[in-house]
Structure formats: C-alpha cells, structure tokens
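The structure under discussion appears below in the form of structure tokens.
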Amino acid sequence: MPETYEGVATIEKVAALARRRAFVFPSSDIYGGLGSSYDYGHYGVLLKQNVKAEWQRALVQEREDIVLLDSAIILNPKVWVASGHLAGFSDPMVDCRTCKLRFRADDLENAQCGRKPSKHPGETPECDLTEAREFNLMFETYVGAMREDSSRAYLRPETAQGIFVNFKNVTSSMRVKPPFGIAQIGKSFRNEITPGNFLFRMREFEQMEMEFFVPPAEAQQWFEFWVEARRRWYVELGLRESHLRVRAHEADELSHYSSATSDLEYLFPIGWSELEGIANRGDYDLRAHAEHSGTKLEWIGQDERYVPHVVEPAAGADRAALAFMVDAYDEEVIEERPRTVLRLHPRIAPVKAAVLPLVGNDSALVERARALYEALRPHMAVEYDASAAIGKRYRRQDEIGTPWALTIDHQTLDDGTVTIRDRDSLAQERIPLEGAVELVRDRLPEPWSPRA
Ligand code: ATP
C-alpha cells in the first residue's frame with residue numbers, strides 16, 4: 001500500500017475539470033463565491049445521484065432488513081442536548097489578533113498569519129493568538145418570528161440523530177426486528193473552521209448514514225461485517241483497492257459513545273484521509289434519547305426486552321463523489337495528442353453512452369443516430385451530440401467519463417453497423433446497429449450487494 005499519493009490527479013486539476021465540464025461550480029460564483037460552498041452542475045448531479053442510488057441499492061433494495069427514512073433538517077433543539085452536540089460538538093479554537101483568522105487549537109502547525117500587510121515596511125506579521133475557546137460547529141437559526149433564546153434551533157450536523165429519534169415510529173409501523181437498519185441520505189451542516197480541498201470538507205454537505213440496531217451480543221460481529229461490506233462497496237464501484245485502507249481508531253481517539261470505530265480511508269492527493277466512518281455506538285444514543293425524552297426506546301420481543309446496540313456506517317456523498325472522480329482521473333498522450341479521461345465505473349458514470357453522427361450535417365447519418373439515441377434513452381442516461389469535429393466530441397465524452405461512444409458513419413448506411421468506442425482502451429469495434437441497445441445494456445456491470 002503506498003504511503004503517499006503517486007497518481008496524476010491533484011485536487012486542483014479535478015476541480016478545474018469539474019468546473020469546465022459542468023460537474024461542480026463554485027457557489028454564488030458571480031458574487032465572488034462563498035467559502036467552500038459548491039453547486040453541482042448537470043453531470044455532477046448525475047454522478048452524485050448515482051453514488052447515492054448505488055448506496056441505497058446495496059443497503060436497502062438488495063437487503064430485507066434495512067428501511068428508509070428522510071427526517072427533517074431542523075429538529076427540536078432538545079435532540080442536540082440529548083445527543084451531546086450542543087455541549088460537545090465543538091473544536092477548541094484560537095483567534096489571531098493580527099489577521100483575525102481562526103485556527104483549530106489542535107492544528108496550530110497550519111496557523112499562518114493571514115498576510116495582512118504590516119504598517120511597518122520590512123516587518124512580517126506574525127500570529128498573535130488568543131487563548132483557546134470552544135467553538136460550536138452547529139449553525140443556528142430561529143424558528144418563527146421571534147429571535148429569542150426559546151426559538152433558537154439548529155441545522156442538523158449529522159443525519160444520524162433523526163434516525164434515533166424515529167426508532168419508536170419505525171419499530172411500531174414497519175415489520176422490523178433486530179438486527180435491522182434505518183438508512184437516510186440528506187444534507188448536514190457544520191460550521192467547519194478549516195473547510196477546503198474542494199468537496200472534501202464543506203460547510204454544507206450530504207451524508208449517507210445507516211444505523212443498524214442489533215442484539216447487544218451481536219454488535220462486534222456486525223461491526224466487522226459492515227466495515228468489510230462498506231470497503232467492498234467502494235471497490236466494486238471502481239476505487240482501486242490499493243488506495244483504500246481500514247484504520248481502527250486508537251482508544252484515545254474514540255468518541256465517548258463508541259466502543260470501536262474504524263475509518264475507511266482513501267489515498268487522496270492530499271494523503272490518506274477519512275472517506276467513511278464505521279462505529280460501534282453501543283446503546284448510547286437510544287439510552288440518551290430515552291432519558292431526555294421520557295420515551296422508552298427498546299426492543300420488545302415475545303420473551304425479551306432490551307435496548308439494541310447500534311452499528312453505524314456514516315459516509316459522505318460529496319466526499320465519495322470526489323474520491324470516485326480523483327480515482328478515475330487520468331491524463332495520457334495518444335499519438336502525440338494529450339487527453340484527460342475520467343475512467344469512472346459505468347454504474348457511477350453520469351452518462352453511459354454517447355451517440356454521435358460522424359458529421360453533424362448529413363441528414364441520413366443524423367436520422368440513424370437520432371433513432372439509436374431514442375432507442376437507448378429509456379434504458380440509461382445517454383447523450384446525443386452532433387456539435388463539433390468528432391475528435392472534440394470524443395474528448396468531451398472522455399472528460400465526462402462516458403464509457404461508450406457509438407458513432408454512425410457512412411458505412412452504417414451501407415451495412416447497418418456502427419462503431420462502439422471504448423473510453424479506456426480506445427478500441428473501436430463495429431457492431432450491428434440492430435442489437436446495439438442490448439449490447440450496451442449487457443456491458444453495464446451488474447450491481448453488487450452486501451447480503452448478510
Ligand atoms: P472529519 O474527521 O473528516 O471531520 P468526521 O469524523 O467528523 O469527519 P463523521 O461525523 O463521521 O465525520 O461524518 C461521516 C462522513 O461524513 C465523513 O466520513 C465524511 O465522508 C462526511 N463528512 C463529514 N464532514 C464533512 C464535511 N465537512 N464535508 C464533506 N463531507 C463531510
């Protein structure tokens with residue numbers, strides 16, 4: 001396993017491609033942006049949707065023991081008292097009196113004074129740091145017309161608590177029995193002090209979290225199951241295995257509620273970093289909410305009654321999308337022509353196939369190409385493009401990560417064949433137009449699922 005990143009991708013190159021090809025734009029761009037906030041363009045929406053759809057397919061559709069939830073972003077603030085976020089979800093911070101920037105007290109190596117010009121020539125400003133203070137990472141808002149303490153509320157910093165507070169609703173309305181899970185995808189908000197690295201750390205991001213409720217004696221075994229199942233999921237969707245590792249938290253790193261946590265780490269160009277966390281949270285959450293709400297949160301079976309333990313795989317949809325893009329990013333020179341290509345797994349790729357008439361103004365070619373495009377559309381995300389020289393159209397599809405391009409040329413009119421060009425090998429094959437839809441469908445890999 002490499003220690004440091006050796007690929008051609010950098011976060012900057014991936015961000016530049018993402019912007020150029022309508023994956024991700026800086027947010028509020030015409031107003032100069034808003035720190036570490038991003039808007040997804042057409043292909044980015046499709047890519048992230050595919051990531052979320054594959055997650056939901058693997059966890060919910062392909063299993064019988066996990067159900068869905070979509071809880072509110074603004075919850076009763078008592079939720080955050082019970083969960084410990086109001087008291088504990090903070091980083092100790094120091095402020096610099098010179099440049100007015102704020103730094104994490106546990107990461108002062110990166111504290112560099114914000115280079116505000118000194119009034120005295122020749123003098124370099126240095127950070128003049130305050131004592132460390134707690135800084136809560138939750139965004140505050142007010143519910144209703146009055147801006148007073150009693151109406152203060154918070155944007156959720158994680159989706160998990162919405163799941164715990166619905167434990168009773170779900171167990172009394174769905175046919176579930178431990179071991180079972182509740183899965184949720186949705187936005188979370190954290191007023192991160194040091195956001196950055198593009199989609200890696202933002203203040204508004206999307207999470208994919210699943211709480212798996214199990215009989216206490218089975219918690220360790222399910223923890224191990226989910227660590228491996230989640231690792232496999234990334235590998236099955238194309239992340240190279242040598243760039244993925246499981247790192248178990250040391251005892252002094254563990255959250256107060258967790259008896260074991262493992263991070264799935266990916267070798268980003270910035271080094272090994274967390275992609276997803278899998279935690280054995282014990283009965284901490286259900287007990288805390290039972291105590292604070294006065295509602296019993298337990299499993300009552302025919303002859304048993306207990307508070308389930310919870311195993312939680314918590315992933316980030318944006319961070320995963322970034323990892324898939326970074327892993328897929330490649331540059332090469334073919335016959336003296338440089339090309340950039342996103343070698344995305346076909347299930348993740350925003351567009352599966354492009355249909356291209358060799359020349360865009362030949363009505364016989366256009367007619368055949370449009371017909372093939374219309375035939376493919378009901379089955380997959382497909383694009384028709386007749387806009388520019390064929391080489392330019394191929395380069396565009398390579399950068400979007402489209403696995404196959406189908407080109408209609410003059411030979412098509414003679415013998416009813418089209419070429420299918422493979423994004424990665426660049427091999428071109430002639431196949432019968434009749435049957436092209438089935439051929440492309442057959443090439444799309446089957447999904448993988450983590451059955452117990
Ligand atoms: P980190 O140590 O990177 O701050 P964390 O341990 O606080 O992450 P969790 O609370 O476990 O993260 O959240 C689960 C997942 O949500 C993370 O593994 C990551 O994929 C995603 N995530 C967390 N914070 C952010 C963020 N600010 N921007 C984008 N994704 C995030």
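We count ligands from 1, going down the list as the structure has it; atoms in each ligand are counted the same way. Small disclaimer: the values here were computed from a predicted structure and weren't measured. Note that these values count all heavy atoms, side chains included, but never hydrogens, waters or copies made by symmetry.
Between Phe212 and Trp226, the ring-plane angle classifies as perpendicular under the 30° and 60° cut-offs. Using bins of under 30°, 30° to 60° and over 60° for the plane-to-plane angle, the ring pair Tyr43/Phe23 lands in the tilted bin. Using cut-offs of 30° and 60° for the angle between ring planes, the Tyr373 and Tyr384 rings count as tilted.
Looking at Asp29 and Arg19, a side-chain N of the basic residue comes within less than 4.0 Å of a carboxylate O on the acidic one, giving a salt bridge.
Using a 4.0 Å heavy-atom criterion, the residues that approach ligand 1 are Arg190, Glu192, Leu199, Phe200, Arg201, Met202, Phe205, Gln207, Glu274, Leu275, Glu276, Gly277, Ala314, Ala315, Gly316, Arg319.
Annotation: salt bridge (charged side-chain N to carboxylate O under 4.0 Å, His left out) contacts of Lys177 (sequence neighbours excluded): none.
Among Phe198, Phe200, Phe25, the one residue that satisfies the ring pair (Phe, Tyr, Trp, His ring centres under 6.0 Å) test with Tyr38 is Phe198.
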